[in-house]
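We use all heavy atoms of the structure for the numbers below, so side chains are in, but hydrogens, waters and symmetry mates are not. Quick note on labels: first sequence line is chain A, next is B, and so on, each numbered from 1.
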2 protein chains.
Amino acid sequence: MDAINIKQLAAKLNLSTSTVSRAFRGHSDINKETKERILAMAKELNYQPNHLASNMREKRSKTIAVIVPEIANNFFSQVIRGIEGVAREKDYHVLIYVTDDNYEKEVAYITHLNSGRADGVIMSVSGEANDHQYLKKLKSKRMPLVFFDRVYEDIDTAKITTNDYESSFDATEHLIKAGCKKIAYLVVNKNLSIGKTRMNGYIDALKKHGLPYVDEYVIDCSNDYEANSLILKEAFKILKPDGVFASVERLAFSTYYVSYELGIKIPEDLKVISFSSLEIAPLLNPSLSTITQPAFDMGVKSAKILFRAMESGGDFSESDNLILNSKLIQRRSSGG
Amino acid sequence: MDAINIKQLAAKLNLSTSTVSRAFRGHSDINKETKERILAMAKELNYQPNHLASNMREKRSKTIAVIVPEIANNFFSQVIRGIEGVAREKDYHVLIYVTDDNYEKEVAYITHLNSGRADGVIMSVSGEANDHQYLKKLKSKRMPLVFFDRVYEDIDTAKITTNDYESSFDATEHLIKAGCKKIAYLVVNKNLSIGKTRMNGYIDALKKHGLPYVDEYVIDCSNDYEANSLILKEAFKILKPDGVFASVERLAFSTYYVSYELGIKIPEDLKVISFSSLEIAPLLNPSLSTITQPAFDMGVKSAKILFRAMESGGDFSESDNLILNSKLIQRRSSGG
DNA sequence: TTGTAGGCGTTATCAT
DNA sequence: ATGATAACGCCTACAA
């Protein structure tokens, strides 16, 4: 009762394996009747060509790998949904790898992919460490790589990002116009390119409006809820900011929790805006002002660019560096 | 500069492919020095055994498939995270398939998996249609299948679910004790086993407390936000429920939006409780009372059971039907 | 239109 | 300890 193979099927039909193979590959030179006979019998015996074998023969896996820092996160899950949809259309399969922002895992995944498991990679980087040699190996193996959102600048490959600098500038300016004088910038990893870019927008907006840039107002958080809670509690007590710009959704949530706890009223005492892909931002208490990235669309575009590269031999062009626009949506948390 | 293979590597070293192969498989009979020489050269040439080939040889893919109705959803993304973690430990890879609650896609995915792409499947079903023949084929191919959360009762395989009946009973009772007399039950697909089970809990709780069961109070919704908004608006206007029990997170969100719009005050005019895995339920306006399923844990357990089955030849035992407990967390939306 | 045969890259078996 | 060889299941160039 085990899986049947092409040989057995051919035997049952008194045909050669080539003919059977042809029936499945939409080949030209095959008698219509024979083909039908084959497909009918295949159905009856529940035969399907073995992918492992045919992929090996054709030297491709019909699979793409998606590497993300986390998955239980609105932004990434929406991106993945976008990627999955495109892959499905192309009849490709999607492997998921979660790095938990861990550099070693990232290296390990990429390294293991160097072995025929995937034909291409879409990834949002962990941002730890500075040695990106392991990624260059992909290139030498002609395995196209697309970065989205969090990228390594020193790797020359397609990058799908959003206009982080402008958005951050706008968000900060938005808080200033709402009357904030002491705006805290919440970040998870200052060294990550994305953290830097967003911070520059913040700094330049302060400058433009003649507000001083104060180092302490840049609050370096972690990926851990508990830890962030402590960090923010301390910071809020000491600095007493009247505005918070969270560079990551999670930090906005922590801001809410801490504010509840300390009796800080949003938006009266503290105005908040955050990068976020949360679809229910309007349902929060108070509704959260957001800079919303086109997550789903980023997934779709990343996948399309990857497929184009795979179809054309693995090369990218300058036009494969896309910068999409995020949307600033003002809600109650920033005084709207 | 293309990928190198074992033959070329062996040639460079003046060794046979067998010896090189042994170096990679931790085989006993190999000279330590030779092994080191091989590994060093492999590193230099960036050689890695081709998975497609070795998997084919060993007749397994070291891959599991995860099929879910949707992915941009807290419950499913947390389950996936759990699965992914276990898979990683076992050095397995994870394929993701999204059905969008579409029966045809479900059938298509399952059918295509009958071909060596995966060694096992974890799935939460779409629940459309009643012909589950296609799943039986998996069994004949010795491909273990684990259902989680949404299952087909007529398929004899491992099932990881939660105590939906009891949770629903408790949730309904909770609303009754909070003073509700006219409780609406919101459901997406009445015919899905999960919808039925949860509804039974609702019905029995009404009975126990002497409240009439009224057909109109069971409100059949869809997966579309817009459509649900209309359905609920109509229903709320006509039925004027004082309690809502949402069998799915999404419907609680719609309830909030509609209530805002109609000026219905939660919890004063309407008390709400919902199945939900939302980590920020406390931040909603008002904070949402939830029945929270142990999503991450369900993922972990599903994966572990699948691996045990794969390791032991594909069979499940009665003890592989797990029923985990959800937690009822009372918050402001139900009057807490 | 169909069949024959070789090879994709790896590994286990058997021999040396 | 190492090497030669066959086999995994499929596909295609070539032959008939």
Tell me which nucleotide among [options] gets nearest to the side chain of [X].
X	options	answer
B:S16	C:dT1, C:dC8, D:dG3	D:dG3
B:I6	C:dT2, D:dC10, C:dT10	C:dT10
A:T19	C:dT10, C:dG3, D:dC10	C:dG3
B:N50	D:dA1, C:dG9, C:dA12	C:dG9
B:K59	D:dG9, C:dT10, D:dT2	D:dG9
A:R25	C:dT10, D:dG3, D:dT12	D:dT12
A:T17	C:dA5, C:dT2, C:dT10	C:dA5

Cation over ring face, B:R60 and B:Y92, 6.0 Å, 45°: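 No cation-pi geometry.
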A:D320 and its salt bridge (charged side-chain N to carboxylate O under 4.0 Å, His left out) partner, picked from A:R308, A:K159, A:K301: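 Exactly one option meets the salt bridge (charged side-chain N to carboxylate O under 4.0 Å, His left out) with A:D320, and it is A:R308.
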For a quick check of understanding: with a heavy-atom distance under 4.0 Å over all strands, which category does [X] fall into, base, sugar-phosphate or nothing?
X	result
B:L15	sugar-phosphate
B:R22	base
A:S18	base
A:F24	nothing

Side-chain N,O (A:Y47) to OP1/OP2 (D:dC10) below 4.0 Å: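 Yes.
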Phosphate OP1/OP2 of D:dA1 contacted by B:T34 side-chain N/O (<4.0 Å):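 No, because none of the side-chain N or O atoms of B:T34 sits under 4.0 Å from OP1 or OP2 of D:dA1.
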Aromatic plane relationship, B:Y109 with B:Y97 - under 30° parallel, 30 to 60° tilted, over 60° perpendicular: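 Judged by the thresholds at 30° and 60°, the geometry between B:Y97 and B:Y109 is tilted.
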Any donor-acceptor N or O pair under 3.5 Å, side chains B:S21, B:S18: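 Result is no, nothing qualifies.
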First of A:A53 and A:N14 reached from the 5' end of DNA chain C, by closest nucleotide: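 Closest to the 5' end, via its nearest nucleotide, is A:N14.
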Protein-nucleotide distance ([X], atom [atom1]; [N], atom [atom2]), rounded to Å:
X	N	atom1	atom2	value
A:L13	C:dG3	CG	C1'	15 Å
A:N31	C:dG3	CG	P	11 Å
A:N5	D:dC10	CG	P	5 Å
B:H51	C:dT10	NE2	P	11 Å
B:N55	C:dT10	CG	C1'	10 Å
A:R117	C:dG9	CZ	P	17 Å
B:I4	C:dT10	CD1	C1'	15 Å
A:L9	D:dC10	CG	C1'	13 Å

Expected output: side-chain B:S124 to main-chain B:V68 donor-acceptor under 3.5 Å: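 A pair under 3.5 Å: no.
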Considering all heavy atoms, the nearest B:T162-B:P294 contact: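 Distance-wise, the nearest heavy atoms are CG2-CD, 3.7 Å.
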